[in-house]
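What follows is a short report on a single structure.
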Amino acid sequence: MCGIVGYIGHRDAYPIIIKGLQRLEYRGYDSAGVAIYDGKGINLAKTKGKVEDLKKKSKETISVEGNLGIGHTRWATHGVPNDVNSHPHYSNSGDLVIIHNGIIENYESIKKELIKRGYTFHSDTDTEVLVNLIEEVQKTENVKLGKAVQIALNQVVGAYAIAVFDKKKPDELVVAKLGSPLAIGVGENEFFIASDASPFIEFTNNAIYLEDEEMAIVRLGKEIKLRKIKDDSVAYPNILELQMNIEEIEKGGYDHFMLKEIYEQPRAIKDTYRGRLRADLGVIKMAGIDDHLDKFLNANRIIIVACGTSWHAGLVAEYIFEDLARIPVEVEYASEFRYRNPVIHKDDVIIAISQSGETADTLAAIKLAKENGAFVFGVCNVVGSSISRETHAGAYTHAGPEIGVASTKAFTTQITVLTLIALKLAKEKGKINDSEFAEYLEELESVPGKVEKALESNPLIEIISEVYKDSTNCLYLGRGYNFPVALEGALKLKEISYIHAEGYPAAEMKHGPIALIDEQMPVFVIATKKGHYEKVVSNIQEIKSRKGKIIAIVTEGDVQVKELADHVIEVPETFESLTPLLTTIPLQLLSYHIAVMRECNVDQPRNLAKSVTVE
Ligand code: F6R
């Protein structure tokens, strides 16, 4: 995880790096550092804490002037978060300085070897080992920095996105990638390096995304040279023109990115189906599916692999694929799937879901499925991400950048894409007729408006949040399509407010969790009109008779649950399979408000990072 930023050109590097690191803090925020070349030497400052702390420290302790620099925001893997373990790291001579996102797995054996050769180490990090290995290669092989990086990387096992420079040659930056993302922004005789394009989007729309096992020597006044790390052969840069704009990555008047992203959902859902759903023509057009329709129609089964919130979206998809298209579906945690020797057939279709497109376990699951001959389809948000490139085909969610660490619009747009796919397959397989299909398309088109309506409950949700903000435990219950929503609601609460929460299928209550219920226990129940309504009402009665506090998400106009529950939050009526797109909204808002009231850092919850690029 971690975010990296670098700059070489004619502007002051420091403000670009600091602002860039702030935009990348979603990737890790336990420590940060910066190194600037000022024309004579390297000025380096680093500290435990956030980029804001780094800003203070660097202004007080170093000269920040210079046109070449690198910076890092860290999510610790090797070594506790402290000043010394923060990046950048110097080599022993003090000539080289490096930033690194990833893990060098064989660093201990390399470190032992370097110690024998007289190297000393100040930190516990794998990164300090790497920069000294590069220095050792430079010395022993008498090669330039680029070549030394290439030779050194051939000796390491692991994942990396690195940027390194040599103060003896301050007109170049060397970068390399394997497993962690690295983008190069290409300006007019200036270059930007970053984990994603957000640090440089106001300077240039032109970007090169390095492929795995590629490196680049970025030199002022020269064209970028790309090389394959394995054999030093030339690789050709593919310069993409980015569509992202600066407004998308700023808070736009909201207090937090999470709130902004919750409110963006009507627009995001629309963007997801825009150009794909044509209710007027009665068709769904999705190139990724159209080009491989036979794979889906002849699939033995669909296996969905994902982690966290994306896994919850996969669970919703399981219901809708089986319900509408009658294709058997299994939903797997990517982290389990990759290690449990799963049975994978050539006629299985794997759907990998990932907002970031960088999740290490999901990537590994994809590779395993491909090795076994399965067709792999990706559902990603981040364009050009590793998963979008690793899969045979895919569909983007088009949610726009999601910066709050807790996924919100990623979840609803993933469900939207998966619903489009399920509907398309249902139609192709003749499982629904033309008029049912047309009704579905029409209803899906009404969802953004209904999400807007659901968002209108925000003031009520704020009041309810005040009542439950000091709870220590919460239960979330749902059935059918809303069981995954219960899981997702519980995840949202625990990750940003640190309240223990569990999601359960409502009927499972009596097999254990009911023992927890007393007057202290808030129980959030999704009880919309369709989908086992009467059965959920019985479950609510069971909670009530044990004095649990009931907060119910109900369909507009509900009377039955209103009589039983302590609080009700209404959402508009829709098809049962589309209810997750609405019922999840109040649960997102609830966890947001509770976290704010508990003074938690909503956008950057402790111990978490947005892209989990380590296993
Ligand atoms: C929860 C959350 C995580 C991610 C998970 C997978 O709010 O954000 O659980 O859903 O780390 O990430 P992606 O979707 O990027 O693969």
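In what follows, residues are counted from 1 in the order of the sequence shown. Both counts, for ligands and for their atoms, begin at 1 and track the order of listing.
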Query - Single hit among Glu264, Glu261, Glu402 for salt bridge (charged side-chain N to carboxylate O under 4.0 Å, His left out) with Lys409 - result: Glu264
Requested in this report: Determine, stepwise, if the pair Asn601 / Tyr29 fulfils side chain to side chain donor-acceptor pair (under 3.5 Å).
Outcome: CA-CA 11 Å; Asn601 188 336; Tyr29 35 80; over 6 Å; no
Report task. May I ask you to check whether His593 and Asn458 show a side-chain donor-acceptor distance below 3.5 Å? Result -> yes
Considering only distance and modelled atom types, tabulate donor-acceptor pairs under 3.5 Å from the side chains of residues 176-184, sequence neighbours left out.
unit_1: Lys177; atom_1: NZ; unit_2: Ser180; atom_2: O; d: 3.2
unit_1: Lys177; atom_1: NZ; unit_2: Asp212; atom_2: OD1; d: 2.8
unit_1: Ser180; atom_1: OG; unit_2: Asn101; atom_2: O; d: 3.1

Requested in this report: Taking only heavy atoms of the protein into account, state which residues are under 4.0 angstrom from an atom of ligand 1, in chain and number order.
Outcome: Cys307, Gly308, Thr309, Ser310, Ser354, Gln355, Ser356, Thr359, Val405, Ala406, Ser407, Leu491, Lys492, Glu495, Val612
Sequence neighbours excluded and cut-off under 3.5 Å, please list the side-chain donor-acceptor pairs for residues 377-392, or say none.
unit_1: Asn381; atom_1: OD1; unit_2: Thr397; atom_2: OG1; d: 3.0
unit_1: Asn381; atom_1: OD1; unit_2: Ala399; atom_2: N; d: 3.0
unit_1: Asn381; atom_1: ND2; unit_2: Gln355; atom_2: OE1; d: 3.0
unit_1: Asn381; atom_1: ND2; unit_2: Gly400; atom_2: O; d: 2.9
unit_1: Ser385; atom_1: OG; unit_2: Val382; atom_2: O; d: 2.8
unit_1: Ser385; atom_1: OG; unit_2: Ser388; atom_2: OG; d: 3.4
unit_1: Ser386; atom_1: OG; unit_2: Glu358; atom_2: OE1; d: 2.6
unit_1: Ser386; atom_1: OG; unit_2: Glu358; atom_2: OE2; d: 3.4
unit_1: Ser388; atom_1: OG; unit_2: Ser385; atom_2: N; d: 3.0
unit_1: Ser388; atom_1: OG; unit_2: Ser385; atom_2: O; d: 2.7
unit_1: Ser388; atom_1: OG; unit_2: Tyr396; atom_2: OH; d: 3.2
unit_1: Arg389; atom_1: NE; unit_2: Glu211; atom_2: OE1; d: 3.1
unit_1: Arg389; atom_1: NH1; unit_2: Gly384; atom_2: O; d: 2.4
unit_1: Glu390; atom_1: OE2; unit_2: Lys370; atom_2: NZ; d: 3.0
unit_1: Thr391; atom_1: OG1; unit_2: Ile387; atom_2: O; d: 2.8
unit_1: Thr391; atom_1: OG1; unit_2: Ser388; atom_2: O; d: 3.4
unit_1: His392; atom_1: ND1; unit_2: Val376; atom_2: N; d: 2.9

Report task. Provide the full list of salt bridge (charged side-chain N to carboxylate O under 4.0 Å, His left out) pairs with a residue in residues 585-608, sequence neighbours left out, each pair given once. Result -> none
